[in-house]
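Below is one structure, written out as structure tokens; comments come after it.
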Number of protein chains: 2
Amino acid sequence: MTDKRIDGGVAHTLYDRLRRDIVFGRLAAAAKLPLGELKESYGVSVSTLREALNRLAAEGFVMTEGQRGFFVAPMTREGLRDIAALRILIEGYAFEKSIEHGDTDWEASIVAAHHKLHRLEQRMIQGDVSVRENWKQHDWEFHQALIAACGSAELLRLHQTVFDKYLRYQVRVLTFRGTLAAQEHKDLLDAALSRNVAQGADVLRRHIDGGVEHSLAHWGG
Amino acid sequence: MTDKRIDGGVAHTLYDRLRRDIVFGRLAAAAKLPLGELKESYGVSVSTLREALNRLAAEGFVMTEGQRGFFVAPMTREGLRDIAALRILIEGYAFEKSIEHGDTDWEASIVAAHHKLHRLEQRMIQGDVSVRENWKQHDWEFHQALIAACGSAELLRLHQTVFDKYLRYQVRVLTFRGTLAAQEHKDLLDAALSRNVAQGADVLRRHIDGGVEHSLAHWGG
DNA sequence: ACACATACATTGATCGATTTTCTTACCGAC
DNA sequence: GTCGGTAAGAAAATCGATCAATGTATGTGT
């Protein structure tokens, strides 16, 4: 028998797909989301579709105004600075708490997460762009591992959506920050292992602000 | 003709009603939410109901696990401490930014908001419990006014849900902190008007932690 | 008497159809 | 020529019905 727990039902699968399609730009920013067309392309009914869209609307990935349907959330320079500042606040605080409370198991998990991320980064730097979506997953897992010992479920949950909103802007510019980002990840790992709160917060701020500057520089349009 | 913009459709109205019913405890914590019954009592169809519940699930007011339906989010001592810490972080940061950037219009709006709140608090202290739900509204409007000049839409949006999650715990214990809370609100106003960031953050922390201690002391069960 | 399996009842998840609302194109009046 | 109103078409919001999963009770075998 197949394990049903792999997918959480059509609605949950659809939610994941839509979310990824928004974060990775396959659904363009500010694009209209016509129920009739999406219903066809995703192969679900309108009710199921609306359930997923409502969840995404609550998280801020899609907008819905009055009875005019759903739109992908737009991307603006101000929106990027806004979400980046929020990520620095949330992740910075969670990182501090995590450094305070983390035990040896936590240390082991961040070392492991960093190793996997490092491998992917090497391939990315060498120009292998096929692993991009995979790399994102490991980037997130590393950052999530860093703050996993913060002791707050609310914080971890919130970080997940803030991180993805920020990531959407990183994906938008197709170029990779490469060596710089990789070095910052290493610095974050070192700060965590040496329990240096101030240094960790500082590196994290530079890491995120660096991504903002990179995105703004390659904004285009 | 009646202005349609007053209600945002059945779904949005239902969302508001459900959210209020959860925050004010009319839907008990951890209670099951049977679609068949709710459909009757709220007078909507199952699809509309599920849309609203999905939005609330994304915000964390209701839980949904697998194919077993929806539950009101439970309330625990740890959950209270968790959400309180998050509120201190979010609102404290937003308050600082607001003090930095706020202009005279902002000052006027917080004076006005505080005045309305103050009137309600006087009636609450005198034992008039009929204005409780109205008082909550003005409490929220005052705190929202304090941070309105922070310059971040994401922060304001996030604050709204964090505030309501915290408020649910305050509503849970039926007693009112009365004079203490009123004095703290006055102190917050003074700190904002005198642009004293450190004092503002300090008062805010005491205000929120005070509410936590009050709730834990009257926890019962 | 207890454990397990199976049939039944209940509830949630998904779908297709109906109703309402918005958009736009068209026509007449100023 | 433009503004305002109106009617037709498209799209979204809502609903009622069907399908699938879960929980429960019953019966049988050890």
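Lettering follows sequence order; numbering is per chain, from 1.
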In whole angstrom, what separates [X]'s [atom1] from [N]'s [atom2]?
X	N	atom1	atom2	result
L35(B)	dC19(D)	CG	C1'	15 Å
H12(A)	dG12(C)	NE2	P	18 Å
L14(B)	dA13(D)	CG	P	15 Å
K32(B)	dT22(D)	NZ	P	13 Å
Q67(B)	dT14(C)	CD	P	7 Å
E37(B)	dT10(C)	CD	P	13 Å
Y15(A)	dT14(C)	OH	P	15 Å

So, [X] side chain and [Y] main chain: donor-acceptor pair closer than 3.5 Å or not?
X	Y	answer
K32(A)	G69(A)	no
S152(A)	D82(B)	no
Y169(B)	R77(B)	no

Are [X] and [Y] linked by a side-chain donor-acceptor pair shorter than 3.5 Å?
X	Y	value
E133(B)	Q137(B)	no
E91(A)	Y166(A)	no
R119(B)	Q122(B)	yes

Item to check | Nearest listed nucleotide, side chain of R68(B), among dG23(D), dT14(D), dA21(D) | outcome: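 Closest of the options to the side chain of R68(B): dG23(D).
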
Next on the checklist: Please give the stem ranges for DNA chain D, sorted by first residue number, where a stem is three or more consecutive Watson-Crick or G-U pairs and both donor-acceptor distances are under 3.5 Å.
Outcome noted: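 Consecutive-pair runs (3 or more) involving DNA chain D: C:1-30 with D:1-30.
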
Atom pairs under 3.5 Å: protein N/O with N/O of nucleotides 6-10 of chain D:
none

Checklist entry - Which of residues 39-51 of chain A sit near DNA chain C, with a heavy atom under 4.0 Å from it? => result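 V44(A), S45(A), V46(A), S47(A), T48(A), E51(A) - these, ordered by number, are the residues of the stretch whose heavy atoms sit under 4.0 Å from the strand.
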
Checklist entry - Between atom CD1 of I99(A) and atom CD of E107(A), what is the distance when rounded to the nearest 0.5 Å? => result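 Reported value, rounded in 0.5 Å steps: 10.5 Å.
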
Item to check | Min side-chain heavy-atom separation Y15(B)-E51(B) under 4.5 Å | outcome: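 With C-beta onward as the side chain, the pair stays apart.
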
Checklist entry - Is the distance between the ring centroids of H138(A) and H185(A) under 6.0 Å? => result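 No.
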
Next on the checklist: Can you tell me if R177(A) has over 12 outside heavy atoms packed within less than 6.0 Å of its CZ?
Outcome noted: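 Enclosed.
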
Checklist entry - Which heavy-atom pair separates L14(B) from V44(B) by the least distance, and what is that distance? => result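 Minimum heavy-atom contact is CD2-CG2, 3.8 Å.
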
